[in-house]
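What follows is one structure encoded as structure tokens, with my remarks underneath.
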Amino acid sequence: MDIHTFFTRLWDDYIAMTPQASRIHDAFVTEGETIVNDHVAFRTFDRGAITLAALEPHLLALGYSRFEPYEFEAKKLRAYGYLPPSEEMPRVFLSELKCSELSTKAQIIIDDLLAQVDPQRVTSPDVMWAGRLWQAPSFDDYRTLMAESEYAAWLSIIGLRANHFTISVNHFRHYDTLEKVLAKIESLGLGINHSGGRIKGSPEVLLEQGSTLADRQPFTFAGGQVEEIPTCYYEFAKRYPDAEGKLYQGFVAASADKIFESTDTKRYGT
């Protein structure tokens, strides 16, 4: 699969889960802006057939190279950033949950889900937008995971897919600041993630980020219970040049930590 097909299919899956993304994309295009994707992010577990190490080869096969590692101790996550083979393609951020840091009860729930994954299914690049590779958990199990890790709960019902795409504010002309972009988003009636501040990061750390609150969709859990769950969101990033005049290529862990919370149920008062 070539890199353009990969991201086209990934985008199609993403907007099906994130209707707000199409609205946002079209709103900026209508005003003459050019949409360039800064990065795409994925979530997974660190055990079973879908570990970061198992998914990474699909990125490397597209010409990506591993860049920098990141740790999120409070959220029990590790991650890597990946650089694209050419500047017009997005960076990738791939994270995984350190399951051993959860309770035994939570680990049993996760292991039961992962036991259902066909390892052969993971060998195809379309696994990156395959969604859930296991039967839906019960809502009680979902809530058990959520009490320890919103990330784990989200992954248990949403599965493997891009949890966000990111618009590069650097490529905008009129909406040339992150604040202008966020104001436009709010004018569309969409919510902003205020965790850690409306704008995360700063020119001093060479990266500013902001994001919407995730869309929500009803999901049917095991036993037939239907609940509305946060799905995916849209992010916006502005990068700044470093001391050598080169645009910063990495991610800022303190900011990314708060961006993760765009899918947290507590952001909706639930």
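Because the structure is a prediction, the values reported are computed rather than measured.
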Open item on the list: Nearest 0.5 Å, please: how far is CD1 in Ile185 from CD1 in Ile24?
Closed with: 4.0 Å

Task: Donor-acceptor pair, side chain of Glu148 and main chain of Ser103, under 3.5 angstrom - done: yes

- [ ] With the side chain counted from C-beta on, respond yes when Met1 and Arg9 share a heavy-atom pair under 4.5 Å apart, and no when they do not.
- [x] yes

Open item on the list: Does any part of the side chain of Thr263, heavy atoms only, come nearer than 4.5 Å to the side chain of Arg43, both counted from C-beta?
Closed with: yes

Open item on the list: According to a hydrophobic-cluster definition based on side-chain heavy atoms being under 4.5 Å apart (Ile, Leu, Val, Met, Phe, Trp, Tyr only), do Ile158 and Leu77 belong together?
Closed with: yes

TODO: Could you check Leu94 against Leu59 for side chain to side chain contact (heavy atoms under 4.5 Å, CB included), going step by step and ending with a plain yes or no?
DONE: CA-CA 10 Å; Leu94 176 57; Leu59 301 177; 4.2 Å; yes

- [ ] Please answer whether the main-chain N or O of Ile50 pairs with a side-chain N or O of Thr44 as donor and acceptor at a distance below 3.5 Å.
- [x] yes

- [ ] State, yes or no, whether a side-chain contact exists between Asp215 and Pro230 at a heavy-atom distance under 4.5 Å.
- [x] no

Task: Plane angle bin for Phe172 and Phe28 - parallel if under 30°, tilted between 30 and 60°, otherwise perpendicular - done: tilted

- [ ] Using the side-chain hydrogen bond (donor to acceptor under 3.5 Å, both in side chains) rule, take Ser124 and Asp126 through it: C-alpha gap first, then chi angles, then the decisive distance, then the call.
- [x] CA-CA 5 Å; Ser124 173; Asp126 62 8; 2.8 Å; yes

Open item on the list: Could you go through Lys75 and Glu261, starting from their C-alpha distance and side-chain angles, then the distance that decides it, and tell me whether this counts as salt bridge (charged side-chain N to carboxylate O under 4.0 Å, His left out)?
Closed with: CA-CA 10 Å; Lys75 289 183 171 59; Glu261 297 178 17; 2.9 Å; yes

Task: Leu10 side chain reached by Trp129 side chain, heavy atoms, under 4.5 Å - done: yes

- [ ] Check whether Tyr64 and Leu52 end up in the same hydrophobic cluster, where Ile, Leu, Val, Met, Phe, Trp and Tyr are linked by side-chain heavy atoms less than 4.5 Å apart.
- [x] yes

TODO: Just do the side-chain hydrogen bond (donor to acceptor under 3.5 Å, both in side chains) check on Ser202 and Tyr240 with the steps written out, would you?
DONE: CA-CA 9 Å; Ser202 66; Tyr240 292 86; over 6 Å; no

Open item on the list: Would you say Asp141 and Thr144 are linked by a side-chain donor-acceptor pair, where the criterion is simply a distance under 3.5 Å?
Closed with: no

- [ ] Sorted by first residue and then second, give each ring-ring contact (aromatic ring centres under 6.0 Å, His included) pair with at least one member in residues 95-126; sequence neighbours left out.
- [x] none

Task: Trp11 and Tyr234 aromatic ring geometry - parallel, tilted or perpendicular at 30°/60° bounds - done: tilted

Open item on the list: Using a 3.5 Å distance criterion without hydrogens, assess whether the side chain of Arg91 forms a donor-acceptor pair with backbone atoms of Asp38.
Closed with: yes

TODO: Tell me whether Ile229 is reachable from Leu190 by hopping between hydrophobic residues (I, L, V, M, F, W, Y) whose side-chain heavy atoms are closer than 4.5 Å.
DONE: yes

Task: Distance-only polar pair, side chains of Thr18 and Gln20, donor-acceptor under 3.5 Å - done: no

TODO: For side-chain hydrogen bond (donor to acceptor under 3.5 Å, both in side chains), just list the numbers for Gln209 and Glu235, CA-CA rounded to whole Å, side-chain angles, deciding distance to a tenth of an Å, and then say yes or no.
DONE: CA-CA 7 Å; Gln209 296 169 268; Glu235 187 184 326; 2.6 Å; yes

Open item on the list: Is any side-chain heavy atom of Trp134 closer than 4.5 Å to one of Leu114?
Closed with: yes

Task: Lys/Arg-Asp/Glu bridge criterion (N-O < 4.0 Å) met for Lys98, Asp46 - done: no

Task: Atom pair OG (Ser211) and CG (Leu178), whose distance is rounded to the nearest 0.5 Å - done: 9.5 Å

Task: Carboxylate-amine/guanidinium contact Glu208 Lys200, below 4.0 Å - done: no

Task: Glu33 side chain to His174 backbone, donor-acceptor under 3.5 Å - done: yes

Open item on the list: Check whether His164 reaches the backbone of His39 with its side chain - one donor and one acceptor, N or O, closer than 3.5 Å.
Closed with: no

Task: Tyr80 reachable from Val122 in the ILVMFWY side-chain graph, under 4.5 Å edges - done: yes

Task: Any donor-acceptor N/O pair, Asn37 side chain to Thr166 backbone, under 3.5 Å - done: yes

- [ ] Locate the shortest heavy-atom distance separating His194 from Ile192; write the atom from each residue and the value.
- [x] CD2-O, 3.1 Å

- [ ] Would you check if there is a donor-acceptor pair between the side chains of Thr177 and Glu179 at a distance under 3.5 Å?
- [x] no

- [ ] To the nearest 0.5 angstrom, please state how far the CD atom of Gln107 sits from the SG atom of Cys99.
- [x] 7.0 Å

Open item on the list: Looking at Glu71, I'd like to know if its CD atom is crowded, meaning that more than 12 non-hydrogen atoms belonging to other residues, nucleotides or ligands lie closer than 6.0 Å.
Closed with: yes

TODO: Mark yes or no: Arg239 above the aromatic ring of Phe251, with NZ or CZ under 6.0 Å from the six-membered ring centre and no more than 45 degrees from the axis.
DONE: yes

Task: All side chain to side chain contact (heavy atoms under 4.5 Å, CB included) counterparts of Ala27, not counting sequence neighbours - done: Lys184, Leu188

Task: Glu87, CD atom: more than 12 neighbouring heavy atoms under 6.0 Å - done: no

Task: Derivation and outcome, side-chain hydrogen bond (donor to acceptor under 3.5 Å, both in side chains), residues Tyr175 and Glu31 - done: CA-CA 10 Å; Tyr175 293 93; Glu31 297 204 24; 2.7 Å; yes

Task: Distance under 6.0 Å and angle within 45° of ring axis: Arg66 vs Tyr82 - done: no

Open item on the list: Does Lys180, at its NZ atom, have more than 12 non-hydrogen atoms belonging to other residues, nucleotides or ligands within less than 6.0 Å?
Closed with: yes

Task: Considering all heavy atoms, the nearest Leu145-Ser156 contact - done: CD1-CB, 3.7 Å

Open item on the list: Using every non-hydrogen atom in the two residues, find where Ala237 and Asn170 come nearest and quote the distance to one decimal.
Closed with: O-OD1, 3.9 Å

Open item on the list: Under a 3.5 Å threshold, yes or no: a donor from one side chain and an acceptor from the other, between Tyr70 and Glu68?
Closed with: yes

Task: Joint hydrophobic cluster, Leu133 plus Tyr142, side-chain heavy atoms closer than 4.5 Å - done: yes

- [ ] Determine the minimum heavy-atom distance between Asp2 and Leu62, stating which atoms define it.
- [x] C-CD2, 4.1 Å

Open item on the list: Within this structure, what is the CE-CZ distance for the pair Met17 and Arg216, rounded to the nearest 0.5 Å?
Closed with: 12.5 Å

Task: Side-chain heavy-atom pair Tyr14, Asp12 within 4.5 angstrom cut-off - done: no

Task: Pair His171, Thr34: side-chain N/O donor-acceptor within cut-off below 3.5 Å - done: no

Task: Point-to-point distance, once rounded to the nearest 0.5 Å, from CD1 of Ile3 to CD of Glu88 - done: 8.0 Å

Task: Close side-chain approach of Ser95 to Phe260, heavy-atom, < 4.5 Å - done: yes

TODO: Verify the distance criterion only: is there a donor paired with an acceptor across the side chains of Gln217 and Glu228 at less than 3.5 Å?
DONE: no

Task: Glu96 bridged to Arg47 by N-O distance under 4.0 Å - done: no

Task: Pairwise side-chain contact, Ile259 with Tyr233, heavy-atom cut-off 4.5 Å (strictly under) - done: yes

Task: Closest non-hydrogen atom pair, Ala54 against Ala49 - done: CB-O, 3.4 Å

Task: Separation of Leu83 CG from Met89 CE (nearest 0.5 Å) - done: 13.5 Å

Open item on the list: Over 60° means perpendicular and under 30° means parallel, so tell me whether Phe72 and Phe93 are parallel, tilted or perpendicular.
Closed with: perpendicular

- [ ] Taking all non-hydrogen atoms of both residues into account, name the closest pair between Pro119 and Val117 and its distance.
- [x] CD-O, 3.2 Å

